[in-house]
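Just so we're on the same page: letters track the sequence lines, and every chain starts at 1.
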Amino acid sequence: MPELPEVETVRRIAHKLVVGRRIERLHVSESFPCVLNSEGGIDPVSTLTGATIASAQRRGKYLLFELDSGLWMVVHLRMTGRLLVMDRHEPPVRFEHLSMELDNGMDIRFGDQRKFGRVTVVPPDAVSALSGRLGVEPLTADFTSAWLQSALQRRPGKIKSVLLDQHLIAGLGNIYVDEALFRARIHPLTPARDLDSNDVEHLVGAIVDVLEMAIRNQGTTFSTFENPYGESGSNAAFLKVYGKGRKGETCPRCGTPLARAVVGGRGTTWCPHCQPARG
DNA sequence: CAATCAACCTGGGTGC
DNA sequence: TGCACCCAGGTTGATT
């Protein structure tokens, strides 16, 4: 469940540990070779071998490593991916599929229990195209209530599903959408176009707050998320509703038993008292 | 165009 | 104790 705060946590640490380092050698798992792929007819192994990592950036839930050759290494962790940086002599981590030896005795290791995550080598225009497909970054000045209000007016769908749409806002996932809707006191099934300016203002503030808090706490770890040092994030302790509905817990604000249902194909938890159905 | 849903995976949990 | 089954969710792509 790496979402924006988890990916940003990985990016910040990776920035310190791998920018300026040269990749000397790669090892791709024989049992899962497609973990490493490419676009634009690039051979990923020969392209990465000898390349120096020039920067570590993030767009939505994508990690973007710029190479000195001008090409990019794009990493997506999907649900259970881990990007670790450790001493070369450490044994393989659990579910390790790819390792890159750096010029300072350290390795980048990529592991993924569920094999959804990918490392892709792409030309610069593919990064532009990817960025163009993704929506607004919620922690930038572009993310305003005026913008969101106007965007939501065109969306008849449920607010929960609309907030998960990466083409509109880049980086929100199931955890932070449930948390933001709870803070903004908005029922997840509310049609997006029915939110008034007051709702949207609260929602924008709530999204920014839950993301910034999670980054401060180095992300939310439920089972598998770790930063490149192999450390868990501490934000799970600060979540108000996510993951609590099925345990029969009560609203931390009013004590009402939390409600749970599948919304837009995602498990969703909310407080039926603080987030009443509209209409 | 927008919404919906299956598919991709597999460890961990549940129920019998 | 063992086993079958279900669940978690980010993204893509097919379908409605």
Side-chain angles (χ1 to χ4, degrees), chain A residues 1-11 29 31-37 39 58-64 74-83 93-98 110-120 122 126-127 129-135 137-138 150-181 188-194 211 214 219-226 232-233 235-236 239 241-248 258 260-270:
Chain A
M1 292 86 65
E3 305 179 23
L4 189 154
E6 290 73 33
V7 179
E8 178 62 17
T9 298
V10 173
R11 187 201 68 79
S29 158
S31 61
F32 185 48
C34 56
V35 62
L36 178 64
N37 54 39
E39 289 174 20
R58 179 191 57 75
R59 183 75 173 90
K61 300 169 193 170
Y62 293 82
L63 283 163
L64 307 171
V74 179
V75 178
H76 202 297
L77 303 173
R78 296 288 185 110
M79 267 97 74
T80 52
R82 290 188 300 165
L83 192 77
V93 299
R94 199 148 146 79
F95 312 115
E96 183 174 308
H97 304 307
L98 174 66
F110 183 81
D112 188 357
Q113 172 199 126
R114 290 168 70 178
K115 301 183 179 176
F116 287 177
R118 292 291 184 274
V119 176
T120 309
V122 304
V127 175
L130 170 67
S131 190
R133 286 194 301 272
L134 293 171
E137 283 289 330
S150 118
L152 294 185
Q153 272 170 1
R154 298 188 291 271
R155 306 289 295 250
K158 317 171 201 40
I159 186 63
K160 162 102 182 191
S161 301
V162 170
L163 293 179
L164 286 171
D165 183 354
Q166 302 299 299
H167 304 104
L168 186 71
I169 302 172
L172 294 180
N174 210 32
I175 297 173
Y176 300 107
V177 167
D178 275 11
E179 291 297 309
L181 289 174
L189 292 176
T190 309
R193 57 156 71 127
D194 287 358
L211 295 177
T220 298
T221 297
F222 263 94
S223 54
T224 59
F225 174 71
E226 288 182 351
S232 295
N235 197 61
L239 299 180
V241 291
Y242 178 83
K244 300 191 170 178
R246 66 167 49 232
K247 295 176 195 155
L258 294 170
R260 191 173 164 86
V262 174
V263 178
R266 296 288 171 260
T268 302
T269 305
W270 72 96

N/O (side chain, [X]) to phosphate O (OP1/OP2, [N]) under 4.0 Å:
X      : N      : value
A/R118 : B/dC8  : no
A/H76  : C/dT11 : yes
A/K115 : B/dT10 : yes

Nearest whole Å is fine: how far is [N] [atom2] from [X] [atom1]?
X      : N      : atom1 : atom2 : result
A/E3   : C/dA8  : CD    : P     : 15 Å
A/F95  : B/dT10 : CZ    : P     : 9 Å
A/R78  : B/dC9  : CZ    : P     : 11 Å
A/L189 : B/dT4  : CG    : P     : 10 Å
A/F225 : B/dG11 : CZ    : C1'   : 19 Å
A/L172 : C/dT11 : CG    : C1'   : 15 Å
A/R133 : C/dG10 : CZ    : C1'   : 14 Å
A/N174 : C/dG10 : CG    : C1'   : 10 Å

Compare every heavy atom of [Y] with every heavy atom of [X], then report the nearest pair and how far apart it is.
X      : Y      : result
A/E8   : A/R58  : OE1-NE, 2.8 Å
A/T221 : A/F225 : OG1-O, 3.0 Å
A/H167 : A/R133 : CD2-O, 3.1 Å
A/V35  : A/G117 : CG2-O, 4.2 Å
A/L77  : A/P2   : CB-CG, 3.8 Å

A/G265 or A/R154: which one's nearest nucleotide on DNA chain B is closer to the 5' end?
A/R154

Between A/V177 and A/R266, is the side-chain contact (heavy atoms from CB on, under 4.5 Å) condition met? List the steps.
CA-CA 11 Å; A/V177 167; A/R266 296 288 171 260; over 6 Å; no

Distance-only donor-acceptor check, side chains A/T220 and A/Y176, under 3.5 Å:
yes

So does A/E137 pair up with A/R59, basic N to acidic O under 4.0 Å?
yes

Any chance you could measure A/R118, atom CZ, to A/L98, atom CG, to the nearest 0.5 Å?
11.5 Å

Gap between atom CD of A/E3 and atom CG of A/L211 - 0.5 Å precision
8.5 Å

Across the strands shown, which category fits [X] at heavy-atom distances under 4.0 angstrom: base, sugar-phosphate, nothing?
X      : result
A/R260 : sugar-phosphate
A/F32  : nothing
A/G267 : sugar-phosphate
A/F222 : nothing

Residue-level proximity of residues 157-168 of chain A to DNA chain B when a heavy atom falls under 4.0 Å
A/G157, A/K158

Examine the base of C/dG10 for any acceptor or donor lying under 3.5 Å from a partner atom in the side chain of A/R266, and report the outcome as yes or no.
yes

Write out the stems for DNA chain C, ordered by first number and formatted as range with range, counting runs of at least 3 consecutive Watson-Crick or G-U wobble pairs under 3.5 Å.
B:2-8 with C:10-16, B:10-16 with C:2-8

Answer yes or no for this row: A/F116 ring on C/dT11 base, centroids under 5.5 Å, planes under 30°.
no

